[in-house]
Amino acid sequence: MTTTEAEGTARVRYGWPSIVVVVVAGVLYAYVLWNAIGNLVNLPKALGSLTPWWLLILDVAVPVAAFVAAFLLGRRTGLAARSVFFLVGLAVVACSTVGSIAFVQTH
């Protein structure tokens, strides 16, 4: 094996299926982020001094952190593993969002 062959096999190339997975996951994470930013803008008007600022900031930070973590963890894996990382991240984001909605409604 020559050095050029060894270098070619060591690099991971992204094909179009990997790009599609990242783009679809990005759109789903962006949707949750858009709703969190909307809550950050609109809930203080409705709740006044009872606004849970820590929760609103956490709702904005969790989708970004989950997407970055899934992208970094899945960048050197196969397509199936990369998809699982993004799905697990979406599950974490969904649980966080539902928990924050429940908290706001009960307090």
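Numbering starts at 1 and runs along the sequence shown.
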- Please report the closest heavy-atom contact between Ala66 and Gly89, naming both atoms and the distance. CB-O, 4.0 Å

- Task: Looking only at non-hydrogen atoms, find the nearest pair between Arg82 and Ser18 and report the distance.
- Result: NH1-OG, 2.6 Å

- Message: Going by side chain to side chain contact (heavy atoms under 4.5 Å, CB included), name the residues that satisfy it together with Ile101, two or more places apart in sequence or in a different chain.
- Response: Thr97, Gln105

- Task: May I ask whether Val92 and Val98 are part of the same hydrophobic cluster, defined by side-chain heavy atoms of I, L, V, M, F, W, Y residues being less than 4.5 angstrom apart, directly or through others?
- Result: no

- Item | Transitive ILVMFWY cluster of Phe85, excluding itself - 4.5 Å side-chain cut-off | Leu73

Let me check something: any side-chain donor-acceptor pairs from residues 40-60 under 3.5 Å, sequence neighbours excluded? List them with distances.
unit_1 : atom_1 : unit_2 : atom_2 : d
Asn42  : ND2    : Gly38  : O      : 3.2
Thr51  : OG1    : Gly48  : O      : 2.7
Asp59  : OD1    : Ser100 : OG     : 3.4
Asp59  : OD2    : Ser100 : OG     : 2.9

- Partners of Val84 by side chain to side chain contact (heavy atoms under 4.5 Å, CB included), sequence neighbours excluded? Val88

- ring pair (Phe, Tyr, Trp, His ring centres under 6.0 Å) contacts in which one or both residues fall within residues 25-52, not counting sequence neighbours: Tyr29-Phe67

- Task: Determine whether Phe86 and Trp16 fall in the same hydrophobic cluster, where Ile, Leu, Val, Met, Phe, Trp and Tyr are linked whenever their side-chain heavy atoms lie under 4.5 Å apart.
- Result: yes

- Do Val27 and Val20 belong together in a cluster built from hydrophobic side chains that touch within less than 4.5 Å? no

